[in-house]
Protein chains: 2
Amino acid sequence: MEKNKMIRIKDIAKLSGVSVGTVDRVIHKRGKVSEAARQKVEKVLKEIDYTPNLLAKTLGSSKVYKIALLVPNPKQDPYWNLSLQGLEASKVEWRPYHMVLEPHFFELHDFGSFKSASKKLMDSKPDAVLSAPIFLNEALEFFKELDELNIPYVHFNTMIPDVSPLAFIGQDLYQSGRLGASLINLGTDCNNNTVSILHVSESIQFSVHFKEKERGFRDYFSSLNNGIVTVSSVIIEGDDMKSFESKLIEAIKKDKIKGLFIPTSSGAKLTAEILRKNKLSDMCIVGYDLLEENVELLKSGDINFLINQNPNRQVFRGIHHLANLLLFNKQAPEKELFPLEVITRENVDSYIKSTIH
Amino acid sequence: MEKNKMIRIKDIAKLSGVSVGTVDRVIHKRGKVSEAARQKVEKVLKEIDYTPNLLAKTLGSSKVYKIALLVPNPKQDPYWNLSLQGLEASKVEWRPYHMVLEPHFFELHDFGSFKSASKKLMDSKPDAVLSAPIFLNEALEFFKELDELNIPYVHFNTMIPDVSPLAFIGQDLYQSGRLGASLINLGTDCNNNTVSILHVSESIQFSVHFKEKERGFRDYFSSLNNGIVTVSSVIIEGDDMKSFESKLIEAIKKDKIKGLFIPTSSGAKLTAEILRKNKLSDMCIVGYDLLEENVELLKSGDINFLINQNPNRQVFRGIHHLANLLLFNKQAPEKELFPLEVITRENVDSYIKSTIH
DNA sequence: ATGAAAGCGCTAACAC
DNA sequence: GTGTTAGCGCTTTCAT
């Protein structure tokens, strides 16, 4: 059934006329080897197709790998709780392979806390890092440090410029915005009305991530030729609920807004509550992610669609790539783009029931 | 980091005052052990939490497990090609664990071929079987045989009654039908019009699978109270293209059909071609699965939605559960329901790019 | 610099 | 029946 027997280090040793010890040293660049020996071994390695046996490898080794996760504190934004679920699933998956996974948290609006969290992370001497790059430019320093220490890192959730992680895991945010627009277009008769993108500006967050989504959102409507749709963006800054409400209602009435695209997962609830309170029910709303509160809103009909970013799986896959690098020296793909999952009242349960793999 | 050191067979041996050989015999019920010894070992096992080390286990063992896949011949229906992709992904995943995966094919409309394929399968003496139960009652005999020989089997794609597989992997077909209905409802102004479910009856297939989808489809519309929607079903039997076309067109004109739900993945193309030819473009069509032809139709706007059943992943997960059973003796969940994935023109690329995990 | 050998935890063959 | 032991393929230590 299996082709020819798997090639072992022992075989390579025999073929190149050295001992297993030397082969191991060449393969892992550890210890001293003479040029002559190195050449012989490398020649053989080039000719045959050697894949180390992971089982024997981790069984024979006592090395424990540590992967650190750096994310915003879930207490501030439940969105990040989902990524922790992915971490737990990863722990189970990788437990047999001597893999330790540790989360580190920072506060979303506090660059100081990011500093100290990343400091702590570095002190824990991880072999690899999985990070949600929220602070953008302010965090460049951190990634530079990782680069210098040759610690591989993977980004998820948002792709940022000027940094070269091993891989990026997440959605195509531009396309995500387009999808959101198309869903609103589906759920509304937009003609002669306005659709809006709502930024509940939480200072830092108002960044690449949301700008990309907005770009896609606007592009979609400009590319439509069958209707007259106006696109506006409502930006609400600060945390004051009262002013949020009045600003939102004012904008809706003034522009006859019929569709709202809410690119941040926690924004839907706030908005839906205000709309309900003000008896504005003929609005098509598209939000993000399977937060419990969002699921409720979807079921009650207060919002129409969710786009699921699947942060738990993003983490799961990020860890997967890092573990593969550490264990096998297997390179991750530069980008792993996730499907843009459309959630409606009729399929939301099927998503909740399904597990992370 | 790790709790206390993992417990090994050696530890159990020491604790119970016997040798590792005896412990092994007790754990795996192989070989002879005296009652006295068995009691001692089982007592210790009950008290501590022993999990065998999979790495050491498969490394030390020469046993090769064989899992057989039984599906319709992909040459007849490209849908089944997708499941073979899942098989390939599984091969890679499980290669290190001495797992051999073999597909067996039968012809969709030929019970004789099912007989001979299942015979061949049995002759190959698999340790477990993953099967798409298409032939229903006719195949009961086969499953009974597996039961008798104590060969574990998992079903995917369709859940059938009167059989107790280890697990079922697939979608909730009733809910899938509801979802299809809701999408059509979204894409059409159905009021005073008719929506239809189209059965391109390929004899055998006209079964549980499609009946469940139809039930969900109809239920959705009957539960709507805001519009007057008529639901009909168009059944086209036989393979004759010419009569298919005339029957379909006739039904559409007679009932003013504005929405078509096509529960079989290969039916969309045929239908879309007929509609285009007859210049019937104001129809909302919901089809199934990411066949290349369906993706094209979605992009060209000839159909509006696809529901993705993800057969490749169904196989992947089915193998996963069987491998876990064989290797770890870990029980699979009775049902693993997949998310009902909604595919539109705006997110189809994101699905095609994303890989199976 | 290099080879030999002792594990890692488990299985399976072999003595007694 | 039961204990002992030689692998599985790799890492890692210890002589040389």
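Every value quoted in this text rests on a predicted model; they were computed, and no experiment measured them. Each chain gets a letter, A, B and so on, in the order the sequences are listed, and its residues count up from 1.
Across every non-hydrogen atom of Asp162(A) and Leu140(A), the tightest pair is O-CD2, 4.1 Å. Nearest heavy-atom pair across Ala132(A) and Phe106(A) is O-CZ, 4.4 Å. Pairing each heavy atom of Leu326(A) with each of Tyr65(A), the nearest pair is O-OH, 3.5 Å.
Residue Lys57(A) is classed as a sugar-phosphate contact, given heavy-atom separations below 4.0 Å to backbone atoms only. Among the heavy atoms of the strands lying under 4.0 Å from Arg30(A) are primed sugar atoms or P, OP1, OP2 only; no base atom is included. Note on Ile9(A): only backbone sugar-phosphate atoms sit closer than 4.0 angstrom, heavy atoms only; bases stay farther off.
Distance CG (Asp11(B)) to C1' (dC8(C)): 13 Å, rounded to an integer number of Å. What separates NZ of Lys10(A) from C1' of dA4(C) is a distance of 13 Å, to the nearest Å. Between the CG atom of Leu55(A) and the C1' atom of dG9(C) there is a distance of 12 Å, rounded to whole Å. Following rounding to the nearest Å, Leu327(A) (CG) and dG9(D) (P) show an atom-to-atom distance of 18 Å. Remark: C1' of dC14(C) and CG of Asp24(B) are 15 Å apart, rounded to the nearest angstrom. A straight line from CD1 of Ile27(B) to P of dC10(C) spans 8 Å, rounded to a whole angstrom. Between Arg8(B) atom CZ and dG7(C) atom C1' there is a gap of 11 Å when expressed in whole angstrom units. One interatomic measurement links the two molecules: CG of Leu54(A) to P of dC8(D), which rounds to 19 Å at whole-angstrom precision.
Residue-to-nucleotide proximity on DNA chain D shows that, of His28(A) and Gly17(B), the 5′-proximal contact is made by Gly17(B). Nearest-nucleotide mapping onto DNA chain D: of Val20(B) and Asn53(A), the residue sitting toward the 5' end is Val20(B).
Set against dG9(C), dT2(C), dT4(D), the side chain of Val33(A) has dT2(C) as its closest nucleotide. Here the side chain of Leu59(B) is nearest to one of dG3(C), dC8(D), dT2(D), namely dC8(D). Here the side chain of Ala56(B) is nearest to one of dT2(D), dC10(C), dT2(C), namely dC10(C). Listed nucleotides: dC10(C), dG3(C), dG3(D). Nearest to the side chain of Tyr50(B): dC10(C).
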Please step through salt bridge (charged side-chain N to carboxylate O under 4.0 Å, His left out) for the pair Glu35(B) and Arg38(B), ending with a clear verdict.
CA-CA 5 Å; Glu35(B) 256 314 293; Arg38(B) 146 163 299 109; 3.7 Å; yes
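Contact annotation: Ser61(A) side-chain N/O to dT11(D) OP1/OP2 distance is not under 4.0 Å. Look at Thr58(B) and you won't find any side-chain N or O under 4.0 angstrom from OP1 or OP2 of dC10(C).
A cation-pi arrangement, defined by a distance under 6.0 Å to the six-membered ring centre and an angle within 45 degrees of its axis, is present between Arg313(B) and Phe338(B).
For a distance-only test at 3.5 Å, the side chain of Arg38(B) fails to qualify as a donor-acceptor partner of the base of dG1(D).
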